[in-house]
Amino acid sequence: MNESDVCAGRDHGEGPGEPAAQAHCTEDSGDAYLTAERLYSYDGTREEVLEYYGREAPPAGWRPVGRLDTGPDRQISVFCFESNDRPSITLAFESPEDLREFYGVEPGPAPGGPGSRIWFRWSAEAASDGSRMDC
């Protein structure tokens with residue numbers, strides 16, 4: 001799959017080392033599907049990331065599925081965008097534990113502290129034949 005315009009729309013900088021990018025085939029749901037993903041870091045807030053992509057995704061052809069807010073308890077961490085003719089894309093905020101375990105990345109200072117960064121991942125998924133999937 002090609003990296004989408006929305007995924008490449010804003011340079012969020014690099015974290016310690018190169019940002020993680022990968023593509024793979026998954027069969028954990030009973031149906032095989034393709035996933036391409038890229039990990040980003042940003043020295044702002046989750047709200048800024050959501051505001052930016054909430055504004056930039058629709059003109060690029062994607063519409064958010066559901067609300068783009070974190071809620072009062074900050075529990076929502078995955079947001080999906082759909083397009084009529086392209087794979088759905090998912091924006092997920094990564095926990096420090098997941099960064100260490102799955103990406104081998106040390107997230108740095110705790111959120112809100114000096115030098116802290118927000119880590120998020122964009123992924124695109126398609127059926128094994130390349131056709132689009134819904135969120």
Chemist: Please give me the minimum heavy-atom distance between R86 and A60, naming the atom from each residue.
Modeler: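 Nearest heavy atoms, R86 then A60: NH2-O, 2.5 Å.
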Chemist: Just jot down the side-chain hydrogen bond (donor to acceptor under 3.5 Å, both in side chains) partners of E101, sequence neighbours excluded, or say none.
Modeler: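 With neighbours one apart ignored, the set is empty.
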Chemist: With under 30° as parallel and over 60° as perpendicular, where do the rings of F120 and Y53 fit, or are they tilted in between?
Modeler: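 Aromatic pair F120/Y53 classed perpendicular.
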Chemist: Is there a side chain to side chain contact (heavy atoms under 4.5 Å, CB included) between L39 and L99 once you walk through the steps?
Modeler: CA-CA 9 Å; L39 181 67; L99 289 168; 3.9 Å; yes
Chemist: Rounded to the nearest 0.5 Å, how far does CD1 of I118 lie from OG of S41?
Modeler: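 Atom-to-atom, S41:OG and I118:CD1 are 10.0 Å apart.
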Chemist: If you take all heavy atoms of S116 and P109, which pair is closest and at what distance?
Modeler: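 Shortest heavy-atom contact: CB-O, 3.6 Å.
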Chemist: Centres of the F81 and W122 rings: under 6.0 Å?
Modeler: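 Between W122 and F81, which both carry aromatic rings, the centre distance is below 6.0 Å.
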Chemist: Can you tell which of R46, R117, R121, R38 makes a salt bridge (Lys or Arg N to Asp or Glu O under 4.0 Å) with E94?
Modeler: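 With E94 as partner, R46, R117, R121, R38 yield a single salt bridge (Lys or Arg N to Asp or Glu O under 4.0 Å), made by R121.
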Chemist: Does NZ or CZ of R100 lie under 6.0 Å from the centre of the six-membered ring of Y103, at an angle within 45° of the ring axis?
Modeler: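 The answer is no, since R100 fails at least one limit relative to Y103.
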Chemist: Applying side-chain hydrogen bond (donor to acceptor under 3.5 Å, both in side chains), can you list everything that pairs with S83, at least two apart in sequence or on another chain?
Modeler: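 S83 satisfies side-chain hydrogen bond (donor to acceptor under 3.5 Å, both in side chains) with D85 once adjacent residues are dropped.
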Chemist: For A127 and L34, which heavy atoms make the closest approach, and how far apart are they?
Modeler: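 That closest heavy-atom pairing would be O-CD1, 3.8 Å.
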Chemist: Ignoring hydrogens and geometry, is there a side-chain-to-backbone donor-acceptor pair from W62 to P87 under 3.5 Å?
Modeler: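 Side chain of W62 to backbone of P87: a pair is present.
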Chemist: Roughly how far, to the nearest 0.5 Å, is the CG atom of L50 from the CZ atom of R55?
Modeler: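 Going from the CZ atom of R55 to the CG atom of L50 covers 11.5 Å.
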Chemist: Report the distance from atom CD of E82 to atom OG1 of T90, rounding to the nearest 0.5 Å.
Modeler: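 Atom-to-atom, E82:CD and T90:OG1 are 9.5 Å apart.
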Chemist: Could you state the interatomic distance from CG (L91) to CZ (F79), rounded to the nearest 0.5 Å?
Modeler: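 So the CG of L91 and the CZ of F79 are separated by 7.0 Å.
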Chemist: So R132 and E125, do their side chains get closer than 4.5 Å, heavy atoms only?
Modeler: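 A side-chain contact is absent here, since even the closest heavy-atom pair is not under 4.5 Å.
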